[in-house]
Amino acid sequence: MKDVNERYRNFFQDVYAVVRLVPPGRVTTYGAIAHYLGSRSAARTVGWAMQSAHTFSGDEFVPCHRVINRNGMLTGKQFFGSPTAMQEALEAEGIVVHDDQVQDFAQRFWDPSTELQA
DNA sequence: GGGCTGACATTGA
DNA sequence: TTCAATGCCAGCC
């Protein structure tokens with residue numbers, strides 16, 4: 001790596017890139033993205049990137065609804081403007097959501113480190 | 001310029 | 001097995 005600081009700058013972009021790579025009907029976790037970026041414990045930053053995505057993305061649409069916590073729980077649903085927007089967005093893609101929890105999460109789980117073979 | 005917060009995850013006891 | 005503490009990066013005060 002030529003510049004460590006550059007990696008930090010790309011952190012958010014990497015997060016957005018990975019999230020956008022998530023195919024419809026699939027979901028991923030903060031930890032999976034964090035691990036893919038190199039820091040398994042940086043899940044917090046990934047979640048923060050999601051919040052920034054609301055303002056930063058603007059032009060680019062980041063399917064934040066496909067990014068949930070490791071429990072399969074829709075933690076950031078309230079940040080979608082509507083408490084049910086996230087759930088409905090997932091259901092619209094064929095994902096079954098019950099009680100703010102993704103059903104068949106294991107099957108719906110999409111790991112960038114595995115799928116992208118990185 | 002320094003410190004706190006935040007949509008989590010992992011490990012230890 | 002469950003509960004608690006710590007780590008991570010960027011943004012905001």
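When reading the values below, keep in mind they use all heavy atoms of this one structure, side chains included, and skip hydrogens, waters and symmetry mates. Bear in mind that the values here come from a model prediction, so they are computed numbers and not experimental data. In what follows, chains are A, B, ... by sequence order, proteins preceding strands, each numbered from 1.
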(Q) To the nearest 0.5 Å, what is the distance between CG on A:Leu21 and CD on A:Glu115? (A) 11.0 Å
Q: Rounded to the nearest 0.5 Å, what's the gap from CE on A:Met50 to CZ on A:Phe80? Could you check?
A: 9.0 Å
Check the distance between [N]'s [atom2] and [X]'s [atom1] and give it to me in whole angstrom.
{"X": "A:Ile33", "N": "B:dT10", "atom1": "CD1", "atom2": "P", "answer": "13 Å"}
{"X": "A:Gln13", "N": "C:dC9", "atom1": "CD", "atom2": "P", "answer": "17 Å"}
{"X": "A:Asn71", "N": "B:dA7", "atom1": "CG", "atom2": "C1'", "answer": "13 Å"}
{"X": "A:His35", "N": "B:dT11", "atom1": "NE2", "atom2": "P", "answer": "11 Å"}
{"X": "A:Phe12", "N": "B:dA7", "atom1": "CZ", "atom2": "P", "answer": "13 Å"}
{"X": "A:Leu74", "N": "B:dA7", "atom1": "CG", "atom2": "P", "answer": "15 Å"}
{"X": "A:Met50", "N": "C:dG11", "atom1": "CE", "atom2": "P", "answer": "13 Å"}
{"X": "A:Tyr30", "N": "B:dT10", "atom1": "OH", "atom2": "P", "answer": "14 Å"}

Q) Taking the side chain of A:Thr29 as heavy atoms from C-beta outward, which of B:dA9, B:dA7, C:dG11 is closest to it? A) B:dA9
Q) Of the candidate nucleotides C:dC8, B:dA9, C:dG11, which contains the atom at the shortest distance from the side chain of A:Ser52? A) C:dG11
Q: Without swapping roles, check the side chain of A:Arg66 against the backbone of A:Val22 for a donor-acceptor pair under 3.5 Å.
A: yes
Q) Got a donor-acceptor contact below 3.5 angstrom from the A:Asp99 side chain to the A:Gln101 backbone? A) no
Q.
For A:Phe12 and A:Tyr16, take the angle between the two ring planes, folded into 0 to 90°, and tell me which bin it lands in: parallel under 30, tilted 30 to 60, perpendicular over 60.
A. perpendicular
Q: Could you check whether A:Thr75 gets within reach of a base, just the sugar-phosphate, or nothing at all, counting any heavy atom under 4.0 Å?
A: sugar-phosphate
Q. When the nearest nucleotide of DNA chain B is assigned to A:Asn69 and to A:Thr45 on a heavy-atom basis, which residue is associated with the more 5' position?
A. A:Thr45
**Q.** 5′-ward residue of the pair A:Arg44/A:Arg40 relative to DNA chain B
**A.** A:Arg44
Q) Within the pair A:Arg70 and B:dT10, is there a side-chain N or O less than 4.0 Å away from OP1 or OP2? A) yes
